[in-house]
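Structure first, commentary second.
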Amino acid sequence: WDTYTSDTSIDVTKHHEPKGLPDKLAYWTVRSLAVPRDLFFQRRHASHALLLETVAGVPGMVGGMLLHLRSLRRFEQSGGWIRALLEEAENERMHLMTFLEVMQPRWWERALVLAAQGVFFNAYFVGYLVSPKFAHRFVGYLEEEAVSSYTEYLKDLEAGKIENTPAPAIAIDYWRLPADATLKDVVTVIRADEAHHRDVNHFASVRICQPENNQSRLLNFCVNGFELTDRVSRVGTSLVQDIQQQGMKLKDTPAPIGYH
């Protein structure tokens, strides 16, 4: 795997206010899923992380796969979005590999993962085909929940409610952490990764619009006033304004790659 240094300076408190029915539907769908999650896992953060990462690794793979097929089918470039989404999927998988070193799932947790992944993969696949805007917005809110969950994990580590064990070797290598890094350091960099995924997916939230000639559908970015992180905003203020004013294909806007 490729190694990198996580940007822990990213704003972990950022929230995109839902505007319009699709945004509100995506937001409240994610919020409704948080209720059974909290009842089931409570403060068992490692168990929650295992299930979370098996689901969180799905959207990037599905989106990257569909854009890959679109690129082949239409003989066109993706603007870096295939790589960006597949990087996201691989990063989430490495989160899972890391937490497997922290604890091993029980048989019923494995069964739950099997069911959750099977349902979520198919639902997200269909959702992305129907509305990429909704799919990316949904993931943006899902990542906001992930950031919140890891923040609670850190609070319990800092309060001594969870033992702050040495960081797994895989985490030290993958995130280039110091040799004496602890579980708290690992959770901190994972939370930063989730915040980055949050910003990328909110930025990539798209809506289907009909161009004037009504011959084809274009993917139009919908930033809706969302404050982009420095890493995402490198596409430039003028470009963002252009995206807001006219329909553009996803491939026409540079993807924020190179983080992972």
Side-chain angles (χ1 to χ4, degrees), residues 1-7 9-11 14 16 56-95 124-125 127-129 131-144 146 174-176 189-190 192-209 211 216-224 226-260:
W1 53 77
D2 294 331
T3 65
Y4 72 102
T5 301
S6 181
D7 178 15
S9 66
I10 193 168
D11 185 359
K14 189 178 297 181
H16 174 80
V58 170
M61 181 59 66
V62 171
M65 175 186 68
L66 290 175
L67 290 180
H68 174 72
L69 294 176
R70 179 191 179 96
S71 177
L72 297 177
R73 188 170 64 250
R74 298 196 174 189
F75 308 98
E76 63 184 19
Q77 296 291 339
S78 72
W81 282 99
I82 295 174
R83 177 182 170 185
L85 294 177
L86 293 181
E87 278 185 351
E88 178 184 312
E90 171 64 6
N91 180 246
E92 299 286 11
R93 189 185 70 85
M94 290 303 294
H95 293 177
Y124 191 79
F125 179 83
Y128 202 96
L129 289 175
S131 175
K133 167 186 168 55
F134 176 82
H136 281 290
R137 189 68 77 201
F138 175 85
V139 176
Y141 287 128
L142 195 65
E143 298 293 358
E144 287 187 16
Y174 183 61
W175 284 284
R176 302 175 187 171
V189 295
I190 289 178
D193 288 348
E194 304 294 7
H196 174 74
H197 300 158
R198 171 203 64 195
D199 291 351
V200 169
N201 277 280
H202 277 314
F203 178 66
S205 179
V206 294
R207 62 183 170 88
I208 303 240
C209 63
S216 64
R217 291 182 175 181
L218 299 180
L219 293 176
N220 179 32
F221 274 27
C222 186
V223 295
N224 288 332
F226 183 72
E227 292 183 3
L228 307 177
T229 63
D230 292 339
R231 194 173 298 277
V232 176
S233 64
R234 63 185 173 184
V235 297
T237 302
S238 61
L239 177 58
V240 173
Q241 291 173 345
D242 289 341
I243 293 171
Q244 290 175 316
Q245 293 171 3
Q246 60 182 321
M248 294 183 67
K249 293 183 179 179
L250 190 60
K251 69 182 182 65
D252 294 331
T253 304
I257 58 177
Y259 175 75
H260 302 306

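These numbers come from a predicted model, not from an experiment. This chain uses plain numbering: 1 for the first residue, then up along the sequence.
- Counting all heavy atoms, side chain and backbone alike, Gly60 lies closest to Ala89 at C-CB, 4.0 Å.
- Between Arg70 and Glu76 there is a salt bridge, since at least one side-chain N of the basic residue sits less than 4.0 Å from a carboxylate O of the acidic one.
- Tyr141 and His202 form no side-chain donor-acceptor contact under 3.5 Å, judged by distance and modelled atom types alone.
- Salt-bridge annotation for Glu87 and Arg83: present, with a side-chain N of the basic residue lying under 4.0 Å from a carboxylate O of the acidic one.
- Summarising the geometry of Trp175 relative to Ser6, their closest heavy-atom pair is CD1-CB, 3.9 Å, with the distance given to 0.1 Å.
- Taken from NE2 in His197 to CD in Glu88, the straight-line distance is 5.0 Å, to the nearest 0.5 Å.
- For the atom pair OG (Ser78) and CG (Leu72), the distance works out to 10.0 Å, reported to the nearest 0.5 Å.
- Met61 places none of its side-chain heavy atoms less than 4.5 Å from the side chain of Arg93.
- With values rounded to the nearest 0.5 angstrom, Leu129 atom CG is found 4.5 Å from Phe125 atom CZ.
- Between the CD atom of Glu144 and the CG atom of Asn201 there is a distance of 11.0 Å, given to the nearest 0.5 Å.
- Scanning all heavy atoms of the two residues, the minimum distance from Ile82 to Ser71 falls at CD1-CB, 4.1 Å.
- Counting only N and O atoms by type, the side chains of His95 and Asp193 include a donor and acceptor under 3.5 Å apart.
- Side-chain contact check for His196 and Asn91: no donor-acceptor pair (N or O, by modelled atom type) lies under 3.5 Å.
- Atom-to-atom distance recorded for Phe134:CZ and Ser205:OG is 10.0 Å, nearest 0.5 angstrom.
- Looking at heavy atoms from C-beta onward, Val139 lies out of side-chain contact with Tyr128 at the 4.5 angstrom threshold.
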Go through the steps for Tyr4 and Tyr174 under the test ring-ring contact (aromatic ring centres under 6.0 Å, His included), then give the verdict. CA-CA 6 Å; Tyr4 72 102; Tyr174 183 61; 5.3 Å; yes
Worked check of side-chain contact (heavy atoms from CB on, under 4.5 Å) between Trp81 and Val200: CA-CA 10 Å; Trp81 282 99; Val200 169; 3.9 Å; yes
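- Counting heavy atoms from C-beta outward, His136 and Leu85 have side chains that approach closer than 4.5 Å.
- Residue Met94 holds its CE atom at 10.0 Å from OG1 of Thr3, rounded to the nearest 0.5 Å.
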